[in-house]
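What follows is a single structure, written as structure tokens, with notes after it.
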Number of protein chains: 2
Amino acid sequence: MTAPVRVLLADDEHLIRGALAALLGLEDDLVVVAEAASGPEALAMARAHRPDVAVLDLQMPGADGVKVATSLRAELPGCRTMIVTGHGRPGHLKRALAAGVRGFVPKTVSAQRLAEIIRTVHAGHRYVDPELAADAISAGDSPLTAREAEVLELAVDGAPIAEIAERASLSPGTVRNYLSSAASKLGAENRHTAARLARERGWV
Amino acid sequence: MTAPVRVLLADDEHLIRGALAALLGLEDDLVVVAEAASGPEALAMARAHRPDVAVLDLQMPGADGVKVATSLRAELPGCRTMIVTGHGRPGHLKRALAAGVRGFVPKTVSAQRLAEIIRTVHAGHRYVDPELAADAISAGDSPLTAREAEVLELAVDGAPIAEIAERASLSPGTVRNYLSSAASKLGAENRHTAARLARERGWV
DNA sequence: GCGTACCGATGACATTTGTCATCGGCATCC
DNA sequence: GGATGCCGATGACAAATGTCATCGGTACGC
């Protein structure tokens with residue numbers, strides 16, 4: 001028999017992380033060598049334990065799963081990464097794949113299934129949840145330019161244009177233009193709905 | 001030895017539910033008698049299996065944890081309910097307690113701890129996570145009147161005032177007045193940030 | 001070189017929104 | 001009965017926002 005797959009588990013919800021570690025530990029070809037509750041911690045644990053596969057939650061304090069995956073890819077090329085997420089937004093999948101993530105699954109799968117997918121990923125293959133993939137395809141690519149997305153992101157919390165302009169170091173008029181064009185591209189009536197839509201689709 | 005505590009587990013994320021069931025099952029004074037992935041399903045399972053304690057996720061399809069708890073209180077008064085949540089918003093805690101929920105914990109606790117809390121709740125006591133309790137207290141009561149809250153809720157997705165007015169069957173001018181007064185009470189610069197704040201605090 | 005697209009900005013204009021004062025109706029509490 | 005507070009509305013005014021045309025600059029591909 002070959003050596004077991006060394007797994008790193010990163011999720012800020014202790015309840016889930018612990019439970020998952022226990023369940024995956026039952027599989028005799030998997031061993032959880034490290035756990036982390038935040039993005040930076042995940043990176044540190046990965047450096048220290050050099051896992052074969054890193055299972056990362058998408059939403060974590062510090063740095064989200066995709067950011068961690070990006071760093072891991074540079075630092076530990078031999079470590080495969082996969083993302084587990086509660087609410088999968090289309091754009092995240094695309095970002096994740098661009099970051100070299102090899103597995104992308106929702107938390108609605110069973111632990112049994114997750115174990116299989118970890119093996120798949122470890123073997124060098126890829127796995128993307130079919131439903132999330134379909135969503136991503138139907139959502140399509142972001143029609144927004146870089147600045148449009150940037151400005152829209154600053155608009156998500158409802159800040160007035162003056163504040164957005166200051167934070168983006170742009171003229172208020174320019175900000176209004178970008179927001180207007182972004183809203184028009186997204187078919188939204190104003191920047192607030194536009195920001196919400198873009199966020200839903202993972203475009204910001 | 002007394003009979004084990006019969007537990008119902010409701011969470012839409014299979015990964016977590018399954019893992020949790022496995023971990024709690026290790027405690028020899030707890031037994032998971034039913035699992036559910038949605039609000040209505042949780043109710044049905046509770047009717048069928050009559051658990052001692054129902055552990056409900058706050059966010060589930062169909063009906064959220066608090067709604068399920070309310071129904072359970074009416075139908076199965078002997079069944080204690082508790083809520084587990086990822087992101088605990090102050091207002092939810094208040095709603096939950098009003099619904100007769102006896103335990104309220106974030107998902108950052110360990111399974112070990114959760115098991116203890118289940119026992120505490122089963123024994124007839126209450127348990128509220130100290131940090132969530134502190135948040136709830138510091139957030140205080142909603143300063144909003146009924147209509148202000150109602151209109152603010154319709155504003156969360158960034159709809160223009162005309163649409164809000166139509167959906168609330170109010171004059172646009174009235175809507176503007178309510179939104180203005182709500183925003184002022186919340187210290188927000190505009191209705192969008194006001195809506196976000198109110199939602200964060202669980203006031204809508 | 002030329003066309004195209006993005007960036008950053010300005011000005012003008014219409015529309016939407018925020019703010020305030022004010023009104024009548026209704027319920028509640030003292 | 002009077003005070004208070006919420007409800008629903010209107011009008012008026014100022015400020016913020018959305019929309020459009022236009023400009024110069026830069027980068028990229030053909």
Side-chain angles (χ1 to χ4, degrees), chain A residues 91 94-95 98 139-204, chain B residues 91 94-95 98 139-204:
Chain A
K94 209 158 298 182
R95 269 177 59 219
D141 272 335
S142 169
L144 304 174
T145 69
R147 284 301 174 287
E148 281 166 359
E150 181 186 332
V151 171
L152 207 49
E153 184 158 20
L154 292 173
V156 288
D157 50 359
I161 289 205
E163 188 183 321
I164 299 175
E166 196 191 353
R167 291 216 280 163
S169 302
L170 286 175
S171 147
T174 305
V175 169
R176 278 194 292 167
N177 287 338
Y178 283 150
L179 288 176
S180 175
S181 120
S184 142
K185 282 179 180 174
L186 268 51
E189 307 190 7
N190 56 46
R191 65 207 165 92
H192 304 285
T193 51
R196 198 174 45 79
L197 278 177
R199 168 144 292 190
E200 274 175 17
R201 299 182 192 170
W203 289 341
V204 294
Chain B
K94 209 159 299 185
R95 268 177 60 220
D141 271 334
S142 169
L144 304 175
T145 69
R147 284 301 174 287
E148 282 165 359
E150 182 186 331
V151 171
L152 207 49
E153 185 157 20
L154 292 173
V156 288
D157 51 359
I161 290 208
E163 186 183 323
I164 299 175
E166 195 190 355
R167 292 215 280 164
S169 301
L170 287 175
S171 146
T174 305
V175 170
R176 277 194 292 167
N177 287 338
Y178 282 151
L179 288 176
S180 175
S181 117
S184 140
K185 283 177 180 175
L186 268 52
E189 307 190 358
N190 56 46
R191 63 207 165 93
H192 305 286
T193 50
R196 197 173 47 79
L197 278 177
R199 167 145 293 191
E200 274 176 18
R201 298 182 192 170
W203 289 340
V204 295

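Naming convention: chains lettered A, B, ... in sequence-line order (proteins, then strands); numbering from 1 in each chain.
Nucleotide dT19(C) holds its C1' atom 14 Å from the CZ atom of Arg191(B), rounded to whole Å. Summarising the geometry, the separation between CG on Leu179(A) and C1' on dC20(D) is reported as 16 Å, rounded to the nearest angstrom. Look at CD1 on Ile164(A): it is 12 Å from C1' on dA16(D), rounded to the nearest Å. As a whole-Å value, the separation of Glu150(B) CD from dG8(D) C1' is 12 Å. Taking atom CD1 on Ile161(B) and atom P on dA16(D), their separation rounds to 16 Å, with Å as the unit. Atom pair Glu166(A):CD and dA9(C):C1' shows a separation of 18 Å (rounding to whole Å applied). In this structure, Leu186(B) atom CG and dG18(C) atom C1' are separated by 15 Å, rounded to whole Å. What separates NZ of Lys185(B) from P of dG5(D) is a distance of 11 Å, to the nearest Å.
Within 3.5 Å, a donor on the side chain of Asn177(A) pairs with an acceptor on the base of dT10(C), or the reverse.
In this structure, NZ in Lys185(A) is found 11.0 Å from OG in Ser180(A), a value given to the nearest 0.5 Å. Put simply, CZ on Arg196(A) and CG on Leu152(A) are 11.5 Å apart, with the number rounded to the nearest 0.5 Å. Note that CZ of Arg147(A) is 11.0 Å distant from OG1 of Thr174(A), once rounded to the nearest 0.5 Å. With rounding to the nearest 0.5 Å, the separation of CG in Leu186(A) from CD in Glu148(A) is 9.0 Å.
Among dC7(D), dG18(D), dC7(C), the nucleotide with an atom closest to any side-chain atom of Thr145(A) is dC7(C). Minimum atom distance to the side chain of Leu170(B) is reached by dG8(D), of the listed dG8(C), dG8(D), dG18(D).
Residue Thr174(B) is classed as a base contact, given a heavy-atom separation below 4.0 Å to a base. Counting non-hydrogen atoms under 4.0 angstrom, Arg176(B) reaches a base of the nucleic acid. Ala183(A) comes within 4.0 angstrom of no nucleic acid atom, judged by non-hydrogen atoms across all strands.
A close approach under 4.0 Å does occur between a side-chain nitrogen or oxygen of Ser180(B) and OP1 or OP2 of dT19(C). Contact annotation: Arg147(B) reaches the phosphate of dG8(D) (side-chain N/O to OP1 or OP2, under 4.0 Å). Phosphate proximity of dG18(C) to Ser184(B): absent, as no side-chain N or O sits under 4.0 Å from OP1 or OP2.
Each of Pro172(B) and Ala146(B) has a nearest nucleotide on DNA chain D; the 5'-most of these lies closest to Ala146(B).
Within a 6.0 Å sphere centred on CD of Glu166(A), heavy atoms belonging to other residues, nucleotides or ligands number 12 at most.
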